[in-house]
Amino acid sequence: MAPQIPPRPTGPDPELVEFTIDLTAQEVARQAQVLAALGPDWDPMEVMRQEEAAYALLYSGLDEEQQRVYDDLVAAGVLPPRGDGRAAA
């Protein structure tokens, strides 16, 4: 049986062919798999608290030059401002 060739489009650009894919079902399945892998004990708020604590520790105890670089990065929008805009002491 010969393959069927679809008719050529007749719009403003006959070389363009409409192509759409609905990924809704795959995205729902992917999300369910991620949540199953995280398990029932996963606490997103606790994860956020731990992440903030890690950032505070990462930027703590900076010397004067490091603090200046940190402030420059915050001012440039590379790092988000935290607290009073200074790294934790």
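Atoms considered below: every heavy atom in the structure, side chains included; atoms not considered: hydrogens, waters and symmetry mates.
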> Would you mind listing every salt bridge (Lys or Arg N to Asp or Glu O under 4.0 Å) that reaches into residues 53-62, with sequence neighbours excluded?
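Salt bridge (Lys or Arg N to Asp or Glu O under 4.0 Å) check on residues 53-62 returns no pairs.
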> Among all residues two or more places apart in sequence or in another chain, which pass the side chain to side chain contact (heavy atoms under 4.5 Å, CB included) test with M45?
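In terms of side chain to side chain contact (heavy atoms under 4.5 Å, CB included), with neighbours along the sequence ignored, M45 is linked to D43, R49.
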> When hydrophobic residues are tied together by side-chain contacts of less than 4.5 Å, even through go-betweens, does V78 share a cluster with L62?
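Yes, because V78 and L62 connect within a single hydrophobic cluster, where side-chain heavy atoms sit under 4.5 Å apart.
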> How would you list, by chain and number, every residue that makes a side chain to side chain donor-acceptor pair (under 3.5 Å) with E27, sequence neighbours excluded?
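Testing E27 for side chain to side chain donor-acceptor pair (under 3.5 Å), a comparison that skips the adjacent residues, returns R30.
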> Is it the case that more than 12 heavy atoms not belonging to Q31 sit under 6.0 Å from its CD atom?
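Atom CD in Q31 is not crowded, with 12 or fewer foreign heavy atoms closer than 6.0 Å.
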> Can you run down the salt bridge (Lys or Arg N to Asp or Glu O under 4.0 Å) pairs that involve residues 54-66, sequence neighbours left out, and say none if there aren't any?
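Those involving residues 54-66 are E65-R68.
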> Return the set of residues passing side chain to side chain donor-acceptor pair (under 3.5 Å) with Q66 (not counting sequence neighbours), or none when no residue passes.
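Not a single residue meets the side chain to side chain donor-acceptor pair (under 3.5 Å) criterion with Q66.
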> Who else is in W42's hydrophobic cluster (ILVMFWY, side-chain heavy atoms under 4.5 Å, direct or via others)?
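Noted: W42 shares its cluster with V34, L35, L38, V47.
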